[in-house]
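First comes the structure, then the notes that go with it.
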Amino acid sequence: MSDKLPYLQNRELSWLRFNDRVLEEAMDATVPLLERLKFVAIFTSNLDEFFMIRVGSLYDLSLVNPENLDSRSAMTPQQQLDAIYRAVRPLYAKRERCFFDITSQLQVHGIHYLRFKDLTPDETKYVKQYFKQSIAPVLSPQIVDTHHPFPHLQNKVPHVVARLKYKGNETFGCVPIPAVLPDVLYLPGNTIRFLTVADIVQEYLEHLFPGYNCVERVQLCLTRNADITTDEESVDYFGDFREKMQKVLGKRRRLAPVRLELSSTISGELEAYLSTKMSLEHHQIYISKAPFRLSFAYDIPGKLPEARRSLLSYPAFTPQTPGFIPAQEKMLRLVQREDVLLSYPYESMNPFLQLLKEAANDPSVVAIKITIYRLASKAKLVDYLCTAAENGKDVTVLIELRARFDEQNNIDWSERLEEAGCTIIYGFEGYKVHSKICLITRREHGAIRYITQIGTGNYNEKTAAMYTDLSLMTADQSIGEDANEFFKNMMIGNLQGEYQHLLVAPVGLKSTLLQLMDGEIAKGPKGRMLFKLNSVTDMDLMAKLREASQAGVQITMIVRGICCILPNIPGETENLHIRSIVGRYLEHSRVYCFGEGPNQKMYIASADFMTRNTERRVEVACPIYDQRIKARIHHILELCLQDNVRARDLQPDGSYSHVSGGNAAIDCQKQQMIDAVRASVPVERKRTLWEKVKDSLHKKK
């Protein structure tokens, strides 16, 4: 029997506090209205995934090992589930208030979320006609009786259900809303007026069950456990892994229910019926008068004229091309001359894509190797890799087919790459490959030379404009040799490889981090550590952070999401300070810093301080040797620590408080956008402007 450690908190409850901070952005009056609506949508999709994965895995654990105790909070699976269901209920009320407050304010700007009572007579006529012509023909209404069993309700698919009576007998009716239908119907007119398709189906339910009397009706959306255990994901390398994953995806669609959302309160009779059929309890049922799905939040801006869109949205920003990259110079040549760091989304991913494009067509390039975890649905990167293979280069792609919810997309891309002649490998049984590393091998004058790219985020051209990440391109041969060794090990399934510069999980990363922490502990109060991460859950690393704090080491952490270690606990973590930033862009970059001054060791990495990253995934951290680039990364970290607009400090009780103070408002993300625009002026142009200034001054003399 383990006891709760005073400096730790439960992972799931920490995550819920993070998602609450997302909802707080939706409530912030300084955020443009349509962006606030998007934050409600992000909160909603985050919560959906949380129930499918985290609640789903706890549900499994409660069945398999009900006495298992969480190492951080000493709670059983059922105790964690109970705490989660309690904590989520007020979040639903908060989400609902927020949604209707925003939609009410949007009416002033000609954007109207409607219920049936809000429709004009002409609109009602239009909606009814649309229902008959475009909705009803694709619906599949079902009843439940002795000849019709209770249907399988698909995960996250809205349904309209009802108690029906026919000739004195009561039955149950169910209408799933198929994916071919849009979530909302926009009405004709000069303003934006829309209502959900689910509302329309509910209104005209009698038309779908002719002869039946509708006693009670409601919309519902069932969330199922979408977690696939390690055993289910195990790989038979002598079989077809793609076929295996297709079966896993099919199984996911039928896993056990973990949550039921209803559009309104229902009778005890109907609730009891649904609970029995879905094996749910009352505390797993939530009422949401706001729509279950809010994808329309992303569609509305595109329907507005530019002036109104600008008023209601963030100012448009295009990721910049750094000014130090000459317009006419090849990226291959530039990276051979100096290390290049890109900071997404402030700077564009295009220079890296250009590097790949050049490599695909450069006769000196003999091989390209890359790890892929997530890709956009449209990817220039894949085009360039295919071109390289078609040009006779040795292209090896280690693609992770178990990137959760992107499995099908990755399966499709792996087939495309394989058809082009790329060598495809799928990783390891029990270990996901989450690293972000690309190696370009060139033969110059008979000698092998390497160009290596290592990043903190995926090679996803869509999220590169939405997530903050760092991407290093270097011709440092020592790093290239390590990268080459890494890919050799991946090809033969060797996780025990040794590296001189790169930190590679699951073997070398965590042990080296602990050693580096020990080095700072040895310095006592002169020790310094600074980290930027998405999540912190690893017990060993948290214990070492506590030990460092007790030794007087000053530790600063910027942690966006889950953080199971608590700061400022007397006698435990008094020298630990933790900040979180939730803003326009999702903070995603990972940086590790040990010490300070010229001798500081700095790494950028794909790994968070989570056990799954340090022990059950293939991850890569890369040292930063270039002092110029190290200074750039420090500038980014300092901006995060100066932020007093979007930043919040983690408190000893697990809550967060807004950062205040300073003579001026500092929004670190906004400042980085400004910096990126300023730095996008080409170096040659800056020199030209300076020459003109000098000429002007000379003439005045």
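What you see is a predicted model, and the numbers here were worked out from it, not measured in a lab.
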- [ ] Compute whether any side-chain donor of one residue and acceptor of the other, for S471 and Q453, lie under 3.5 angstrom apart.
- [x] yes
- [ ] Report the relative orientation of the aromatic rings in Y603 and F594; use parallel for angles under 30°, tilted for 30 to 60°, perpendicular for over 60°.
- [x] perpendicular
Task: Residues which pass salt bridge (charged side-chain N to carboxylate O under 4.0 Å, His left out) with K156, listed by chain and number, not counting sequence neighbours - done: D48, E261
Task: Ion pair check, D469 and K436, cut-off under 4.0 Å - done: no
Task: Note: K510-E615 ion pair, threshold 4.0 Å (strictly below) - done: yes
Open item on the list: Assess, by modelled atom type and distance only, whether the side chains of R72 and N10 contain a donor and an acceptor separated by less than 3.5 Å.
Closed with: no
- [ ] Could you tell me which residues satisfy salt bridge (charged side-chain N to carboxylate O under 4.0 Å, His left out) with E481, sequence neighbours excluded, listed by chain and number?
- [x] none
- [ ] Determine whether I636 and L470 make a side-chain contact, defined as any pair of heavy atoms from C-beta on separated by less than 4.5 Å.
- [x] yes
Open item on the list: Using a 3.5 Å distance criterion without hydrogens, assess whether the side chain of Q669 forms a donor-acceptor pair with backbone atoms of Y585.
Closed with: yes
Task: Parallel, tilted or perpendicular, as decided by the 30° and 60° cut-offs, for the rings of Y467 and H588 - done: tilted
Open item on the list: Distance alone, cut at 3.5 Å: any donor-acceptor contact between the side chains of S606 and E619?
Closed with: yes
Task: Check ion pair E25-R584 (N to O, under 4.0 angstrom) - done: no
Task: salt_bridge(R632, E347) N-O dist < 4.0 Å - done: yes
TODO: Assign the ring pair F486 / Y499 to parallel, tilted or perpendicular, where the plane angle (0 to 90°) is split at 30° and 60°.
DONE: tilted
